[in-house]
Protein chains: 2
Amino acid sequence: MMAHKEPEEIKKGELDKYTLNLVSQTFKTLGDPTRIRILHLLFQKEYSVNTIAKVLDLQQSTVSHQLRLLKNLRLVKYRREGTTLYYSHDDEHVIDILKQAIDHASHH
Amino acid sequence: MMAHKEPEEIKKGELDKYTLNLVSQTFKTLGDPTRIRILHLLFQKEYSVNTIAKVLDLQQSTVSHQLRLLKNLRLVKYRREGTTLYYSHDDEHVIDILKQAIDHASHH
DNA sequence: TGTATATATTAGCATATGTTCATATAATAG
DNA sequence: CTATTATATGAACATATGCTAATATATACA
(Lines give C-alpha, C1' and ligand atoms only; values in the text may rest on other atoms or scores of the structure.)
Protein backbone atom coordinates (compact mmCIF):
# COMPACT_ATOMS: atom_id res chain seq x y z
CA MET A 1 0.00 0.00 0.00
CA MET A 2 2.90 2.36 0.66
CA ALA A 3 6.06 2.05 -1.40
CA HIS A 4 9.16 4.11 -1.99
CA LYS A 5 9.48 5.03 1.65
CA GLU A 6 12.64 7.03 1.70
CA PRO A 7 13.43 7.69 5.34
CA GLU A 8 12.22 11.25 5.00
CA GLU A 9 9.39 12.70 7.00
CA ILE A 10 6.43 10.40 6.70
CA LYS A 11 3.80 10.89 9.34
CA LYS A 12 1.49 8.25 10.69
CA GLY A 13 -0.14 6.70 7.67
CA GLU A 14 0.28 9.78 5.56
CA LEU A 15 0.87 9.42 1.86
CA ASP A 16 4.42 9.95 0.71
CA LYS A 17 5.09 12.90 -1.57
CA TYR A 18 5.77 10.82 -4.64
CA THR A 19 2.51 8.92 -4.44
CA LEU A 20 0.55 12.05 -3.56
CA ASN A 21 1.95 13.92 -6.53
CA LEU A 22 1.39 11.10 -8.97
CA VAL A 23 -2.17 10.45 -7.85
CA SER A 24 -3.19 14.09 -7.81
CA GLN A 25 -1.56 14.75 -11.17
CA THR A 26 -3.30 11.76 -12.69
CA PHE A 27 -6.70 12.76 -11.38
CA LYS A 28 -6.14 16.35 -12.36
CA THR A 29 -5.40 15.19 -15.89
CA LEU A 30 -8.59 13.14 -15.90
CA GLY A 31 -10.49 16.11 -14.55
CA ASP A 32 -11.03 17.87 -17.84
CA PRO A 33 -13.94 17.20 -20.23
CA THR A 34 -11.82 17.51 -23.35
CA ARG A 35 -9.26 15.00 -22.16
CA ILE A 36 -11.97 12.63 -21.00
CA ARG A 37 -13.60 12.82 -24.43
CA ILE A 38 -10.27 12.07 -26.08
CA LEU A 39 -9.51 9.14 -23.83
CA HIS A 40 -13.04 7.87 -24.22
CA LEU A 41 -12.65 7.98 -27.97
CA LEU A 42 -9.44 5.98 -27.66
CA PHE A 43 -11.16 3.27 -25.62
CA GLN A 44 -11.66 1.09 -28.67
CA LYS A 45 -8.91 1.92 -31.11
CA GLU A 46 -6.21 4.35 -32.18
CA TYR A 47 -6.98 7.64 -33.92
CA SER A 48 -4.93 10.29 -35.68
CA VAL A 49 -4.79 13.82 -34.29
CA ASN A 50 -6.88 15.24 -37.11
CA THR A 51 -9.48 12.52 -36.81
CA ILE A 52 -9.80 13.16 -33.09
CA ALA A 53 -10.22 16.84 -33.81
CA LYS A 54 -12.90 16.22 -36.41
CA VAL A 55 -14.84 13.63 -34.44
CA LEU A 56 -14.84 15.68 -31.26
CA ASP A 57 -15.21 19.02 -33.05
CA LEU A 58 -12.03 20.47 -31.58
CA GLN A 59 -9.19 22.45 -33.08
CA GLN A 60 -6.11 20.56 -34.13
CA SER A 61 -4.06 22.68 -31.80
CA THR A 62 -6.28 21.92 -28.86
CA VAL A 63 -6.07 18.20 -29.47
CA SER A 64 -2.32 18.33 -29.90
CA HIS A 65 -1.90 20.24 -26.65
CA GLN A 66 -4.02 17.84 -24.69
CA LEU A 67 -2.38 14.81 -26.24
CA ARG A 68 0.95 16.15 -25.10
CA LEU A 69 -0.30 16.34 -21.53
CA LEU A 70 -1.66 12.82 -21.76
CA LYS A 71 1.56 11.58 -23.28
CA ASN A 72 3.65 13.22 -20.55
CA LEU A 73 1.68 11.23 -18.01
CA ARG A 74 2.08 8.08 -20.15
CA LEU A 75 -1.67 7.84 -20.53
CA VAL A 76 -1.38 7.67 -24.32
CA LYS A 77 1.24 6.63 -26.82
CA TYR A 78 1.53 7.10 -30.56
CA ARG A 79 2.62 5.31 -33.67
CA ARG A 80 3.82 7.12 -36.76
CA GLU A 81 2.73 6.35 -40.29
CA GLY A 82 4.12 8.86 -42.69
CA THR A 83 3.14 12.28 -41.43
CA THR A 84 0.24 10.87 -39.49
CA LEU A 85 0.46 10.03 -35.79
CA TYR A 86 -1.94 7.47 -34.45
CA TYR A 87 -2.60 7.84 -30.76
CA SER A 88 -3.86 5.14 -28.46
CA HIS A 89 -4.19 4.70 -24.72
CA ASP A 90 -1.18 3.45 -22.79
CA ASP A 91 -2.28 2.82 -19.21
CA GLU A 92 -4.76 0.04 -18.75
CA HIS A 93 -5.23 0.76 -15.09
CA VAL A 94 -6.07 4.42 -15.52
CA ILE A 95 -8.34 3.58 -18.44
CA ASP A 96 -10.06 1.06 -16.23
CA ILE A 97 -10.55 3.65 -13.51
CA LEU A 98 -11.97 6.06 -16.07
CA LYS A 99 -14.35 3.39 -17.31
CA GLN A 100 -15.51 2.71 -13.77
CA ALA A 101 -16.15 6.38 -13.16
CA ILE A 102 -18.06 6.79 -16.41
CA ASP A 103 -20.07 3.69 -15.74
CA HIS A 104 -20.85 4.86 -12.22
CA ALA A 105 -21.77 8.37 -13.30
CA SER A 106 -23.88 7.29 -16.26
CA HIS A 107 -26.05 5.09 -14.06
CA HIS A 108 -27.85 8.35 -13.38
CA MET B 1 -23.00 2.13 -19.95
CA MET B 2 -24.88 5.22 -21.13
CA ALA B 3 -27.91 6.40 -19.23
CA HIS B 4 -30.07 9.50 -19.16
CA LYS B 5 -30.15 9.74 -22.91
CA GLU B 6 -32.41 12.69 -23.46
CA PRO B 7 -33.08 12.82 -27.19
CA GLU B 8 -30.70 15.72 -27.58
CA GLU B 9 -27.60 15.62 -29.71
CA ILE B 10 -25.64 12.54 -28.84
CA LYS B 11 -23.10 11.52 -31.41
CA LYS B 12 -21.90 8.04 -32.11
CA GLY B 13 -20.84 6.66 -28.74
CA GLU B 14 -20.04 10.05 -27.33
CA LEU B 15 -20.58 10.69 -23.66
CA ASP B 16 -23.66 12.67 -22.76
CA LYS B 17 -23.15 16.05 -21.15
CA TYR B 18 -24.41 15.02 -17.76
CA THR B 19 -22.03 12.09 -17.45
CA LEU B 20 -19.13 14.06 -18.85
CA ASN B 21 -19.68 16.87 -16.37
CA LEU B 22 -20.06 14.60 -13.40
CA VAL B 23 -17.02 12.51 -14.23
CA SER B 24 -14.76 15.46 -14.96
CA GLN B 25 -15.92 17.34 -11.89
CA THR B 26 -15.31 14.31 -9.72
CA PHE B 27 -11.83 13.72 -11.07
CA LYS B 28 -11.04 17.41 -10.85
CA THR B 29 -12.01 17.34 -7.22
CA LEU B 30 -9.75 14.35 -6.66
CA GLY B 31 -6.96 16.13 -8.50
CA ASP B 32 -5.72 18.21 -5.62
CA PRO B 33 -3.15 17.05 -3.05
CA THR B 34 -4.91 18.71 -0.14
CA ARG B 35 -8.24 17.09 -0.88
CA ILE B 36 -6.59 13.72 -1.43
CA ARG B 37 -4.88 14.01 1.94
CA ILE B 38 -8.19 14.85 3.58
CA LEU B 39 -10.03 11.99 1.93
CA HIS B 40 -7.16 9.65 2.69
CA LEU B 41 -7.37 10.64 6.34
CA LEU B 42 -11.08 9.90 6.30
CA PHE B 43 -10.52 6.41 4.92
CA GLN B 44 -10.73 4.86 8.37
CA LYS B 45 -12.89 7.10 10.47
CA GLU B 46 -14.53 10.48 10.92
CA TYR B 47 -12.57 13.56 12.01
CA SER B 48 -13.49 17.04 13.12
CA VAL B 49 -12.42 20.04 11.04
CA ASN B 50 -9.88 21.16 13.61
CA THR B 51 -8.41 17.71 13.94
CA ILE B 52 -8.02 17.41 10.19
CA ALA B 53 -6.28 20.78 10.17
CA LYS B 54 -3.90 19.77 12.94
CA VAL B 55 -3.09 16.33 11.63
CA LEU B 56 -2.47 17.56 8.09
CA ASP B 57 -0.87 20.83 9.19
CA LEU B 58 -3.37 23.00 7.35
CA GLN B 59 -5.26 26.11 8.31
CA GLN B 60 -8.76 25.67 9.59
CA SER B 61 -10.04 27.89 6.81
CA THR B 62 -8.33 25.82 4.16
CA VAL B 63 -9.83 22.62 5.49
CA SER B 64 -13.27 24.17 5.73
CA HIS B 65 -13.11 25.44 2.17
CA GLN B 66 -12.03 22.09 0.80
CA LEU B 67 -14.59 20.20 2.85
CA ARG B 68 -17.27 22.35 1.33
CA LEU B 69 -16.14 21.36 -2.14
CA LEU B 70 -16.11 17.73 -1.15
CA LYS B 71 -19.52 18.05 0.44
CA ASN B 72 -20.98 19.73 -2.63
CA LEU B 73 -19.94 16.70 -4.63
CA ARG B 74 -21.36 14.40 -1.92
CA LEU B 75 -17.93 12.94 -1.36
CA VAL B 76 -18.13 13.64 2.38
CA LYS B 77 -20.87 14.13 4.92
CA TYR B 78 -20.83 15.40 8.49
CA ARG B 79 -22.40 14.76 11.83
CA ARG B 80 -22.76 17.46 14.46
CA GLU B 81 -21.90 17.05 18.11
CA GLY B 82 -22.28 20.34 19.91
CA THR B 83 -20.18 22.85 18.04
CA THR B 84 -18.03 20.17 16.51
CA LEU B 85 -18.64 18.74 13.06
CA TYR B 86 -17.34 15.27 12.37
CA TYR B 87 -16.70 14.65 8.70
CA SER B 88 -16.57 11.26 7.04
CA HIS B 89 -16.56 10.01 3.47
CA ASP B 90 -19.88 9.54 1.73
CA ASP B 91 -19.20 7.86 -1.60
CA GLU B 92 -17.89 4.33 -1.38
CA HIS B 93 -17.31 4.07 -5.09
CA VAL B 94 -15.21 7.21 -5.36
CA ILE B 95 -13.30 6.23 -2.25
CA ASP B 96 -12.66 2.87 -3.84
CA ILE B 97 -11.38 4.51 -7.00
CA LEU B 98 -9.11 6.73 -4.94
CA LYS B 99 -7.78 3.69 -3.10
CA GLN B 100 -7.08 1.94 -6.37
CA ALA B 101 -5.20 4.95 -7.70
CA ILE B 102 -3.14 5.30 -4.53
CA ASP B 103 -2.39 1.61 -4.52
CA HIS B 104 -1.39 1.69 -8.15
CA ALA B 105 0.76 4.80 -7.76
CA SER B 106 2.47 3.62 -4.59
CA HIS B 107 3.62 0.41 -6.23
CA HIS B 108 6.45 2.56 -7.46
C1' DT C 1 14.36 21.90 -54.72
C1' DG C 2 9.42 23.18 -53.65
C1' DT C 3 4.68 22.05 -52.28
C1' DA C 4 1.26 19.80 -49.57
C1' DT C 5 -0.26 17.58 -45.49
C1' DA C 6 -0.05 16.44 -40.54
C1' DT C 7 1.33 17.71 -36.26
C1' DA C 8 3.74 20.50 -32.76
C1' DT C 9 4.89 24.70 -30.53
C1' DT C 10 4.72 29.43 -28.77
C1' DA C 11 2.49 33.43 -26.96
C1' DG C 12 -1.41 35.69 -25.30
C1' DC C 13 -5.66 35.95 -22.97
C1' DA C 14 -9.60 34.93 -20.05
C1' DT C 15 -11.05 32.10 -16.55
C1' DA C 16 -10.48 28.86 -12.72
C1' DT C 17 -8.21 27.44 -8.58
C1' DG C 18 -6.13 27.24 -3.81
C1' DT C 19 -4.58 29.66 -0.01
C1' DT C 20 -4.62 33.31 3.44
C1' DC C 21 -6.55 36.90 6.27
C1' DA C 22 -10.23 38.79 8.43
C1' DT C 23 -14.71 38.34 9.85
C1' DA C 24 -19.17 36.10 10.52
C1' DT C 25 -22.07 32.49 12.29
C1' DA C 26 -23.45 28.73 15.40
C1' DA C 27 -23.67 26.16 19.60
C1' DT C 28 -22.58 25.78 24.44
C1' DA C 29 -21.39 27.18 29.20
C1' DG C 30 -21.79 30.24 32.73
C1' DC D 1 -26.92 38.24 28.36
C1' DT D 2 -21.49 37.41 27.55
C1' DA D 3 -17.64 34.69 26.59
C1' DT D 4 -15.68 30.75 24.41
C1' DT D 5 -15.01 27.33 21.07
C1' DA D 6 -15.72 25.39 16.48
C1' DT D 7 -16.68 26.17 11.97
C1' DA D 8 -18.04 28.83 7.86
C1' DT D 9 -17.72 32.59 4.76
C1' DG D 10 -16.03 36.45 1.80
C1' DA D 11 -12.49 39.09 -0.35
C1' DA D 12 -8.07 39.42 -2.24
C1' DC D 13 -4.13 37.58 -4.31
C1' DA D 14 -0.95 34.65 -6.94
C1' DT D 15 -0.77 30.87 -9.78
C1' DA D 16 -2.59 27.38 -12.89
C1' DT D 17 -5.35 26.07 -16.70
C1' DG D 18 -7.39 25.64 -21.43
C1' DC D 19 -8.29 27.65 -25.67
C1' DT D 20 -7.07 30.26 -29.81
C1' DA D 21 -4.25 32.28 -33.42
C1' DA D 22 -0.13 32.26 -35.61
C1' DT D 23 3.89 29.99 -36.72
C1' DA D 24 7.19 26.22 -36.82
C1' DT D 25 8.54 21.53 -37.75
C1' DA D 26 8.38 17.14 -40.08
C1' DT D 27 7.41 13.81 -43.55
C1' DA D 28 6.22 12.59 -48.25
C1' DC D 29 6.29 13.34 -52.97
C1' DA D 30 6.88 15.53 -57.55
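Below, chain A is the first sequence line, B the second, and so on; all start at residue 1. Basis for what follows: all heavy atoms, side chains included, without hydrogens, waters or symmetry-related copies.
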*Asks:* Please tell me which of the listed nucleotides, C:dA26, C:dT5, D:dT7, lies nearest to the side chain of B:Asn50?
*Replies:*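 So the nucleotide nearest the side chain must be D:dT7.
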
*Asks:* Considering heavy-atom distances to DNA chain D, does A:Glu81 or B:Tyr78 have its closest nucleotide positioned more toward the 5' end?
*Replies:*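 Nearest nucleotide further toward 5': that of B:Tyr78.
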
*Asks:* Can you find an N or O donor on one side and an acceptor on the other, under 3.5 Å apart, linking the side chain of B:Gln60 with the base of D:dA8?
*Replies:*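 Per atom types, the contact qualifies.
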
*Asks:* Can you tell me how the ring of B:His104 sits relative to the ring of A:His93, calling it parallel under 30°, perpendicular over 60° and tilted otherwise?
*Replies:*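 Ring orientation of B:His104 relative to A:His93: parallel.
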
*Asks:* C:dG18, C:dC21, D:dA8: which one has an atom nearest the side-chain heavy atoms of B:Gln59?
*Replies:*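 From the listed options, C:dC21 comes nearest.
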
*Asks:* B:Asp32 has an atom CG; how far is it from atom P of D:dT15, in whole Å?
*Replies:*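 It is 17 Å, rounded to the nearest whole Å.
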
*Asks:* Using a cut-off of strictly less than 4.0 Å, decide whether B:Arg35 has a side-chain nitrogen or oxygen near OP1 or OP2 of C:dG18.
*Replies:*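 True: B:Arg35 side-chain N/O within range (under 4.0 Å) of C:dG18 OP1/OP2.
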
*Asks:* Mind calculating the distance between CZ (A:Arg68) and C1' (D:dC19) to the nearest angstrom?
*Replies:*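 Atom-to-atom, A:Arg68 to D:dC19, this comes out as 14 Å.
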
*Asks:* Figure out the CD1/P separation between A:Ile52 and C:dA6, and round it to whole Å.
*Replies:*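 After rounding, the reported distance stands at 14 Å.
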
*Asks:* Do the non-hydrogen side-chain atoms of A:Phe43 and A:Lys99 ever get within less than 4.5 Å of each other?
*Replies:*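 In short, these two side chains touch, coming nearer than 4.5 Å.
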
*Asks:* Students often get this wrong, so: under 4.0 angstrom with heavy atoms, is B:Lys28 touching a base, only sugar-phosphate, or nothing?
*Replies:*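 Sugar-phosphate: the residue B:Lys28, judged by heavy atoms under 4.0 Å, touches backbone atoms but no base.
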
*Asks:* Are the side chains of A:Lys71 and A:Tyr87 in touch, meaning some heavy atoms are under 4.5 Å apart?
*Replies:*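 A:Lys71 reaches A:Tyr87 side chain to side chain.
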
*Asks:* Can you tell me how far P of C:dA6 sits from CZ of A:Arg79, to the nearest Å?
*Replies:*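 From A:Arg79 CZ to C:dA6 P: 15 Å.
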
*Asks:* In whole Å, what is the span from the CZ atom of B:Phe27 to the C1' atom of D:dT17?
*Replies:*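 Rounding to the nearest Å, CZ of B:Phe27 and C1' of D:dT17 are 19 Å apart.
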
*Asks:* Yes or no on side-chain hydrogen bond (donor to acceptor under 3.5 Å, both in side chains) for B:Ser64 and B:Ser61, after CA distance, side-chain angles and deciding distance?
*Replies:* CA-CA 5 Å; B:Ser64 185; B:Ser61 178; over 6 Å; no

*Asks:* Any side-chain donor paired with an acceptor under 3.5 Å for A:Thr26 and A:Thr29?
*Replies:*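 Side chains of A:Thr26 and A:Thr29: no pair found under 3.5 Å.
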
*Asks:* Could you check whether A:Thr62 gets within reach of a base, just the sugar-phosphate, or nothing at all, counting any heavy atom under 4.0 Å?
*Replies:*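 Here A:Thr62 touches the bases of the nucleic acid.
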
*Asks:* Take atom CD1 of A:Ile38 and atom P of C:dT7, then tell me their distance rounded to the nearest Å.
*Replies:*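 Atom CD1 in A:Ile38 sits about 13 Å away from atom P in C:dT7.
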
*Asks:* Side-chain donor or acceptor of B:Ser61 under 3.5 Å from a matching atom on the base of C:dC21?
*Replies:*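 In this structure, the two groups form a donor-acceptor pair.
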
*Asks:* Assign A:Tyr87 to base, sugar-phosphate, or nothing according to its heavy-atom contacts below 4.0 angstrom with the strands shown.
*Replies:*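 A:Tyr87: backbone/sugar contact only, no base atoms under 4.0 Å.
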
*Asks:* Please tell me which of the listed nucleotides, C:dA26, D:dA6, D:dT27, lies nearest to the side chain of A:Thr83?
*Replies:*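 The nucleotide sitting nearest to the side chain is D:dT27.
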
*Asks:* Find the distance B:Asn72:CG to D:dA8:P and express it as a whole number of Å.
*Replies:*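 Taking atom P of D:dA8 as the reference, CG of B:Asn72 is at 12 Å.
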
*Asks:* Planes under 30° and centres closer than 5.5 Å, is that true for B:His65 with the base of D:dT9?
*Replies:*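 Ring-base stacking flag set for B:His65 and D:dT9.
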
*Asks:* Roughly, in whole Å, what's the span from CD in B:Gln66 to P in C:dG18?
*Replies:*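 Interatomic distance, CD of B:Gln66 to P of C:dG18: 6 Å.
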
*Asks:* Closest-nucleotide mapping onto DNA chain D: is B:Ser64 or A:Thr34 further toward the 5' terminus? I mean the 5' end.
*Replies:*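 Between the two, 5'-proximity favours B:Ser64.
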
